Structure formats: C-alpha cells, structure tokens
2 protein chains.
Amino acid sequence: MKVTIRDVAQQAGVSPATVSRVLNKPELVEPATRERVRNAIRVLDFQPNAIARGLSAQNSDTIGLVVPGITDLFFGELYRGIERVSRRAGMKVLLFDAQHSRHRALEGFTFLRQHQVGGIVFTSKLVSEDFDPVLERLGIPVVLALTQATSKTPLHAFKVDDVKAVFDAVSYLVSRGHRRIGMLSGQIEDDITGTLRLQGYRTGLLHYGIEFQASFVENGDYRFDSGYRAMQRLLRRQAENRLTAVFAASDEMAIGAIRCLHDNGLRVPEDLSVMGFDDLSVAHMVVPGLTTVAQPFAEIGERAVDQLLQMRSAEGVHAGATEYLPHRIVERESVQTAPAGAS
Amino acid sequence: MKVTIRDVAQQAGVSPATVSRVLNKPELVEPATRERVRNAIRVLDFQPNAIARGLSAQNSDTIGLVVPGITDLFFGELYRGIERVSRRAGMKVLLFDAQHSRHRALEGFTFLRQHQVGGIVFTSKLVSEDFDPVLERLGIPVVLALTQATSKTPLHAFKVDDVKAVFDAVSYLVSRGHRRIGMLSGQIEDDITGTLRLQGYRTGLLHYGIEFQASFVENGDYRFDSGYRAMQRLLRRQAENRLTAVFAASDEMAIGAIRCLHDNGLRVPEDLSVMGFDDLSVAHMVVPGLTTVAQPFAEIGERAVDQLLQMRSAEGVHAGATEYLPHRIVERESVQTAPAGAS
DNA sequence: TTGAAAGCGCTAACAT
DNA sequence: ATGTTAGCGCTTTCAA
C-alpha cells in the first residue's frame, strides 16, 4: 500500500529514526547514510504523511484563516499576503469561509481548533462580547485583520484607520470643490467598519463646517446591488439634496452607484462625482476609473501572520493593540474638480 | 493542557473507546452512557483532534483543490461549488494556489498527497504528458475542472465546450449583423482553452462564410492588462481592418478592451462592439454591461467533487471522459445590433 | 453494550 | 552518528 518511513528505512538499511532525521535535520546524519536514505526515498517515491507528522510533532504547521466571504473581491489579495509569509515560515494556511454569517464565523474557530492550527487570522465581522466564551477556551493565538474587537478578550488587530481614511476622503472631495457630499454607508450593526466610516464622514464634514444631513446618507451591505439601490434612494431626493459627490464605503457600492447613475442618464463625474473605498482590482478596470481610498490588503495579511508568528515564540507580545496601516487616496476619474452646482 | 478523549473518558467514567463511539457511532452506545459522555464533553469543552482522527482513520476527509490563481475573479464561484458539495459529504477542502505557475501546479499534487486528501480537483493549466510521472504514482483520484488532459493518464474533466461556446458567440455576433469580427485570444501554449476558443472562432467564421484574417487576432493572457494591450494593437490596424466587433476569450480581457477603447475616444458599443467570456460578477457591474458567454463555475465545481466522491465508492467509474456543461450567452449592452460599418 | 489493546506514520528523548 | 522506545490522540478489532 502506502509507502511509509519504515519502508524507506528498510530499503536504506537504517532505522526509521534516521529517515526522520534526514527529513527534518539532515545535518545530524552522516553524508553517506543521508545519500543512501535520499536514494531510497526517491526509489520508493516516498512522501511523508503530513497528518502523522503533525500528530507526532504536536503542531500542524498551519495558520487558520477565517474570511467573511470567499467571493469578496478583496479576498484574493488578502490571502496572498497571508500565504506569502506563512509559506516563508514553512507553514500552510487552512481556509474557512464564513459565508457572511456570524454563526459560521464562530464555527470557524471550532473547525480550525480541531485542525490544530498554530494561530488564527480572523477577518470577518466585528468581534464582540458574544465571541468571549469561544475565545476564552480557544487556547490558540488569534489576530484580527480588517476588523477590531470590542470583546473582553483583547485581540491584536491590523487595519486601516477607517475614521481617518474617510476623513481624508472627505478632505479630498472638499479640496475638489465639493460641499454637498452624500454617503453610501455600510452596515452599522454587526460591523465595526460601518460605524467607523460613517463617523469619519461626519467628522470630516464637521471639520469643514459642513452641516451633516441625515438625508444625504443611505446604507447598504458593501455589495454592488446594495450600492445600486442605495444610490437609487439618494437620487429620489436629489432635487432637494443637490449632491455633487457621493462617497461610498466600498468600491463595490461605488461601482453599483455609478451603474445606477448611468442607468438614470447621469454621467460620472460630470453630473455627480463618486468615490469608493478599498481599491479593488476592478477599480481601475471600470469606466470611469474609480477614485478611491486604497487599503493595503496584502500587507495587512502579512502583518497579521507576522504577529501570529511572534506570539508563538515570545509569549504575550503586546497583545490587544490595534495597529493602523497606511491608507492612501488613489486618484482616477470618477471625481470632478469644481463641480457646477457647488454651493 | 489539551483536553483529549482520555480526559473525557475519565470524567465520564468510561473507556476512550466508548467516547470515540458516541462521537462516531452514537447508536452503538446506550442512551444513558451516551448522555454521560456528551455531558463530559461539554463540561471539558472537548474538541476531537482532527489530525489524530485522520491518522487513525487513514483518511483525512479532505478534498484537495488546485487553482491557477487565487486572485482570479472566477475563483470564488468555483470554490463555492466545490465547498458546497464537499461539506454536504462531510469533507473539508484544502486549497492550493498554483500562482499561475506550471511548476507550482505540479507541487500542488505533492502537497495534497502529503496531506492525505481523498481526491483532487485540479483546475489549472492543461494537463499534458509532463504530468504523467506524477499522476502515475499519485494513487489519489484526480478530476479536472475548466481544463482537459492530453496526458497518457486519462482524467475525467468537467468544463464547457469551448469550441462550441465560441462558435455560438460568433453566431450571436453574426446574427447582430457583424461580419468583421476581431478576436482577443488567450494563450496558445500551455493552455488548452486558448487553442479551443481560437478554434471556435475560426470554425464560426468559416461556417458563416467569413474569411479568417490573422490580422484580426491578437492574444493575451486572459488578464485585464493584456486585453488592454491586445486591443491597442488591434486598434493600430483598425483603419484597414474596420472591425465592428471584438470577441475576447475572457471577461477580463473584454473589460480591458473596453477600457482601451474608451481611452481612445471610442464608444462601446456604438463604435465597436465587445463580447466577453466567463460571465464574472464584474460583467454586470461595468458600464456598458458586458455581453458574454457564461460558464457555470459553481456547477462545474460541484460536478467535479461529485465525480470524486463516486470514484471513491465505486472504483473506476467511467474515467477519462470530458463532460461538457452548458454555457449560455448573456446579453447585456456591449454588443450593438446592425453596426454602421458592416460589410 | 463496553473495555482492552494494538496501531495509524511519524518524531523525539534517551541510549549506545 | 544511529538505533530503541515510547508516545501523539484517535479508531477499531477482538473479548468479555
């Protein structure tokens, strides 16, 4: 049947332990024997059983990753960052797709725990108190990416400073002559990002002496369709609102908004400017190119794994902090300077 | 430390074997004991170690998946299909990203083999003779998705009929009055899809009595940038070519082409019609909405796993066949009827 | 219905 | 430098 380490040992005329050594610490075995073993491995086409190895070594060399949704357009880039540094550290990554369900996200912890991952990068919903029971008993280091914790258990997090990022977006819009700025917000419940970005919007307006108007805001769930519909609702009040720009809490919503405007015979940015958030790869594919706030997804993933790796070596490396990674504004074509109807 | 099955056994006053039974075959254990054990599990917050379980059971309940690139826009949908039926069968999926490298794709087999996966869904490059040495020794069922094999080892495959699909696309274009149809082709080497789609294009033209012109074709690598550049090259000859429509071998290239046309002051579809292939989620987000050939990614994934599951039970279920899943044309706005310059 | 014991394939002391 | 031995945590005969 399957070729095991014993078969190799026999073939090479050594003990299984020696085979194991040439696999893991080749410097401990004499060159001659080493070659003999390597040869046997080749001849028999032996592949070490990673499962058995993990069991014995009490560690599966695996990082667990919980993502909100596998089809989210930012997933790929985030994964890349995570995979890159994991691989560099000789670890694999085990993926768990929460499918946008809070319940499934919680299940992710159980799943990954059962698979003996050495650490978990969690990138889904807000981690609130209801996660505490699970987190307490987990016994596995957890690092957050793209989200934050309000749970009792303090968790290290890597993300952009959402408030500042949207503040900067508002500043950008204002610097281009906009004052009547609408917002396509994310969800307020269940999602720290939604709250923070809305807050950034309000703070931005306040700073520039622009009054906040509830009627300028509609919210969605970050997806294209919800952006489309939110824009539609905003449009119904456009006669009174006279918005010159709309800031969306995600690129997908921004693109949904653009699509909606187009369907209503409005041009972007001539009739209305639209700005997004994320800088997904699609942002530069669409016409007009989307001006947006870029998040460094890959870097966030990398830093999260780095942190996990550090936590494994040194215990309790300043845990619980939220580290902000730099966002930046990417200027393309969806925002117009000096809009006609600026007040 | 970690809670094991022995701790539970002790707590419940039974043997480890009994605990194992309530975990896997609860009907074999008396209700009273069962409850006692379940209670102990709850109290101790016991989580079975999937690694140990896999080692003992000689099977990791895992399906391996090799994808060409995690950032490919179709990845999400494909994964969903695969995950859905795996999960239904009580299996997990272990992902391997080939990062668009043939070499890495081959590594995927090794990686997954070491992890004792019960089957592999391979969705990357063309599987040619150079895969044979690996395939022969693998000893794990492999099913192809979105690709095909020219290797000696016969492999079951699920995909759309690329030739027919592009033939249908050409038919669609012709039915809309186009005869001067350009093509943004994929790669010819290293990728069965490129060859097949080009063939569909030629067959289509032939069928409608349109002469094939090499100067109407440019190729790329399916990505946005390459579509942009290929379109640029086509545009340089547009004075002579007088194309009224361009068919791209992927949505990304089609969108790149649209972007290119826009940058050159040409309108889609008024000045030139563009048609894509894939029906990615972005196809309906862009302006104009992309008319394209839809591939049932999720279904392809589902069928592939189904096949794998069958192969595990019944040995050698009609292996080696290529099963075509239905494509369909999705009409949006990027193709114009009765183009002005139609010959 | 339950327990005892062996073993899955590997690693890691501990000897030699 | 290499072999022996004892597990890692679970499942699975085989007995009782």
Side-chain angles (χ1 to χ4, degrees), chain A residues 1-38 40-41 44-62 90 92 110 113-118 139-140, chain B residues 1-38 40-41 44-62 90 92 110 113-118 139-140:
Chain A
M1 261 217 41
K2 285 255 146 101
V3 180
T4 77
I5 208 171
R6 304 180 75 91
D7 303 319
V8 176
Q10 197 167 356
Q11 169 87 9
V14 296
S15 77
T18 299
V19 178
S20 173
R21 282 193 198 97
V22 346
L23 253 24
N24 304 300
K25 288 145 192 244
E27 66 279 9
L28 292 188
V29 35
E30 202 178 326
T33 355
R34 201 190 301 164
E35 263 328 296
R36 210 140 38 81
V37 171
R38 290 222 166 108
I41 289 179
L44 299 179
D45 188 39
F46 165 73
Q47 299 285 143
N49 181 329
I51 303 281
R53 200 195 278 237
L55 179 60
S56 180
Q58 292 282 72
N59 129 38
S60 66
D61 281 347
T62 302
K92 321 130 202 172
T110 308
R113 160 140 77 127
Q114 295 188 348
H115 285 268
Q116 316 298 116
V117 301
I140 300 173
Chain B
M1 262 215 41
K2 286 254 145 105
V3 180
T4 77
I5 208 171
R6 304 180 74 90
D7 302 319
V8 176
Q10 198 168 355
Q11 168 87 10
V14 297
S15 75
T18 300
V19 177
S20 174
R21 284 192 198 99
V22 346
L23 252 25
N24 303 300
K25 289 146 189 232
E27 66 279 9
L28 292 187
V29 34
E30 202 178 325
T33 352
R34 200 190 302 162
E35 262 328 296
R36 211 141 35 82
V37 171
R38 290 219 166 111
I41 289 179
L44 299 178
D45 189 37
F46 165 73
Q47 299 285 144
N49 180 329
I51 303 279
R53 202 197 277 239
L55 179 60
S56 182
Q58 293 280 72
N59 131 39
S60 66
D61 280 347
T62 302
K92 322 129 201 175
T110 308
R113 159 138 79 126
Q114 295 188 349
H115 285 268
Q116 316 298 117
V117 301
I140 300 174

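Since we're looking at a predicted model, the values are computed, not measured. Any value given below was found using the heavy atoms of this structure, including those in side chains, with hydrogens, waters and symmetry copies removed. A note on names: the letters A, B, ... follow the listed sequences, proteins ahead of strands, and every chain is numbered from 1.
Atoms CG (A:L44) and P (C:dG9) sit 14 Å apart, rounded to a whole Å. Atoms NE2 (A:H115) and C1' (D:dC10) sit 14 Å apart, rounded to a whole Å. We find that CZ of A:R6 is positioned 10 Å from P of C:dG9, with the value rounded to whole Å. A:N59 places its CG atom 16 Å from the P atom of C:dC10, with the value rounded to the nearest Å. If you take CG of B:L28 and P of C:dG3, they are 14 Å apart, rounded to a whole angstrom. A:Q10 places its CD atom 14 Å from the P atom of C:dG9, with the value rounded to the nearest Å. Between the CG atom of A:L55 and the C1' atom of D:dG7 there is a distance of 9 Å, given to the nearest Å. Between A:I41 atom CD1 and C:dG9 atom C1' there is a gap of 14 Å when expressed in whole angstrom units.
Dense packing is recorded around CD of B:Q11, with more than 12 heavy atoms of other residues, nucleotides or ligands lying under 6.0 Å away.
Partners of B:S15 under the side-chain hydrogen bond (donor to acceptor under 3.5 Å, both in side chains) rule, at least two apart in sequence or in another chain, are B:T18. Under the side-chain hydrogen bond (donor to acceptor under 3.5 Å, both in side chains) criterion, B:R53 pairs with B:N24, not counting sequence neighbours.
Among residues at least two apart or in separate chains, there is no side-chain hydrogen bond (donor to acceptor under 3.5 Å, both in side chains) pair with a member in residues 25-35 of chain A. Among residues at least two apart or in separate chains, there is no salt bridge (Lys or Arg N to Asp or Glu O under 4.0 Å) pair with a member in residues 8-18 of chain A.
The 5' end of DNA chain C is approached more closely, in terms of each residue's nearest nucleotide, by B:E27 than by the other of A:F46 and B:E27.
In this structure, CG on A:N49 lies 11.0 Å from OG on A:S56, to the nearest 0.5 angstrom. We find the OG1-CG distance between B:T110 and A:D45 to be 8.5 Å, quoted to the nearest 0.5 Å.
Residues B:V14 and B:R36 meet the side-chain proximity criterion, which asks for heavy atoms closer than 4.5 Å.
Comparing the start and finish of the helix from C:dT1-D:dA16 to C:dT16-D:dA1, five pairs each, the helix axis swings through 40°, to the nearest 10 degrees.
Applying the 4.0 Å criterion to OP1 and OP2 of D:dG7, one finds that A:Q58 has every side-chain N and O outside that range. A close approach under 4.0 Å does not occur between any side-chain nitrogen or oxygen of B:T4 and OP1 or OP2 of D:dC8.
Checked against D:dG9, D:dG3, C:dG3, the side chain of B:V14 finds its nearest nucleotide in C:dG3.
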Summarise protein proximity over nucleotides 11-16 of chain D in one line of letters, 5' to 3': B for base, S for sugar-phosphate only, - for none, counting protein heavy atoms closer than 4.0 Å.
BBB---
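B:K2 places no side-chain N or O within 3.5 Å of a backbone atom of B:Q47 that could act as its donor or acceptor partner.
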